[in-house]
Amino acid sequence: MKNLTNYEKHLREELKDRKFKRAFEEERARLEIAYTIAELRKKSSISQKELAEKLDTTQSVVARMETGQQNFTIETLRKIAQVFNRGLRIQFVK
């Protein structure tokens with residue numbers, strides 16, 4: 001096993017707490033979605049304002065989406081997927 005940093009050791013300990021682990025995983029998922037949206041938008045060479053128009057929302061909402069500060073409904077995620085000609089898959093995992 002590689003040498004762990006103090007942060008990694010600390011995180012491993014914290015993740016033993018079920019409440020912390022749940023919050024950590026929720027935040028990780030939100031940031032993953034945010035990163036994916038930002039990357040899809042950049043690869044499509046459209047601005048936040050253009051994406052907002054396609055989603056019938058505002059640029060500030062798109063900015064919040066891309067920084068993980070926006071909660072997502074399934075409908076919003078479907079609209080985003082459609083804009084980028086992508087499918088949407090939501091899974092329950094163990």
Side-chain angles (χ1 to χ4, degrees):
M1 185 191 313
K2 70 176 188 157
N3 293 333
L4 298 177
T5 64
N6 286 337
Y7 169 77
E8 290 168 322
K9 289 176 188 174
H10 178 73
L11 181 59
R12 233 183 223 184
E13 279 302 308
E14 290 292 333
L15 287 172
K16 290 178 183 176
D17 179 295
R18 294 173 93 183
K19 190 175 180 180
F20 177 88
K21 184 175 182 176
R22 189 170 124 229
F24 180 85
E25 291 298 324
E26 286 175 9
E27 187 62 19
R28 185 186 60 76
R30 186 184 342 271
L31 291 175
E32 253 181 52
I33 293 168
Y35 178 79
T36 301
I37 293 168
E39 286 300 301
L40 285 169
R41 182 182 60 76
K42 290 173 188 172
K43 286 179 183 174
S44 297
S45 300
I46 64 173
S47 68
Q48 287 182 341
K49 184 177 180 181
E50 290 170 313
L51 178 56
E53 289 169 359
K54 291 175 185 277
L55 297 174
D56 194 29
T57 191
T58 64
Q59 179 274 328
S60 61
V61 168
V62 171
R64 286 195 306 272
M65 286 178 185
E66 291 185 358
T67 57
Q69 298 173 11
Q70 181 75 26
N71 287 324
F72 298 97
T73 64
I74 292 172
E75 186 55 34
T76 299
L77 293 173
R78 268 196 201 108
K79 285 180 183 179
I80 294 167
Q82 286 177 336
V83 166
F84 297 112
N85 295 315
R86 300 290 177 114
L88 176 64
R89 178 176 36 192
I90 299 170
Q91 297 178 303
F92 291 99
V93 295
K94 193 170 184 177

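Throughout, numbering of the chain's residues begins at 1 and tracks the sequence.
- Closest approach of Ala34 to Gly68, counting heavy atoms only: CB-N, 3.4 Å.
- The minimum heavy-atom distance between Leu55 and Val83, with the atom names listed, is CD2-CG2, 3.8 Å.
- Distance check: Phe84 CZ to Leu51 CG gives 4.5 Å after rounding to the nearest 0.5 Å.
- Atom NE2 of His10 and atom CD of Glu8 lie 12.5 Å apart (nearest 0.5 Å).
- Thr76 places no side-chain N or O within donor-acceptor distance of the main-chain N or O of Phe72, the cut-off being under 3.5 Å.
- Glu25 pairs by the salt bridge (Lys or Arg N to Asp or Glu O under 4.0 Å) definition with Arg28, not counting sequence neighbours.
- In this structure, NZ in Lys21 is found 13.0 Å from CD in Glu26, a value given to the nearest 0.5 Å.
- Residues Ala81 and Leu88 come closest through the heavy atom pair CB-CB, 4.2 Å.
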Walk me through it: do Lys43 and Leu40 pass the test side chain to side chain contact (heavy atoms under 4.5 Å, CB included)? CA-CA 5 Å; Lys43 286 179 183 174; Leu40 285 169; 5.7 Å; no

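- Atom CG of residue Leu77 and atom NZ of residue Lys79 lie 11.0 Å apart, to the nearest 0.5 angstrom.
- If you take NZ on Lys54 and NZ on Lys49, they are separated by 14.0 Å, rounding to the nearest 0.5 Å.
- Interatomic distance, CD of Glu53 versus CD1 of Ile46, reported as 9.5 Å (0.5 Å rounding).
- Under a hydrophobic clustering in which Ile, Leu, Val, Met, Phe, Trp and Tyr are joined whenever their side-chain heavy atoms come within less than 4.5 Å, directly or via other members, Tyr35 and Ile90 fall into different clusters.
- For Gln59 against Ala52, the heavy-atom pair with the smallest separation is N-CB, 3.5 Å.
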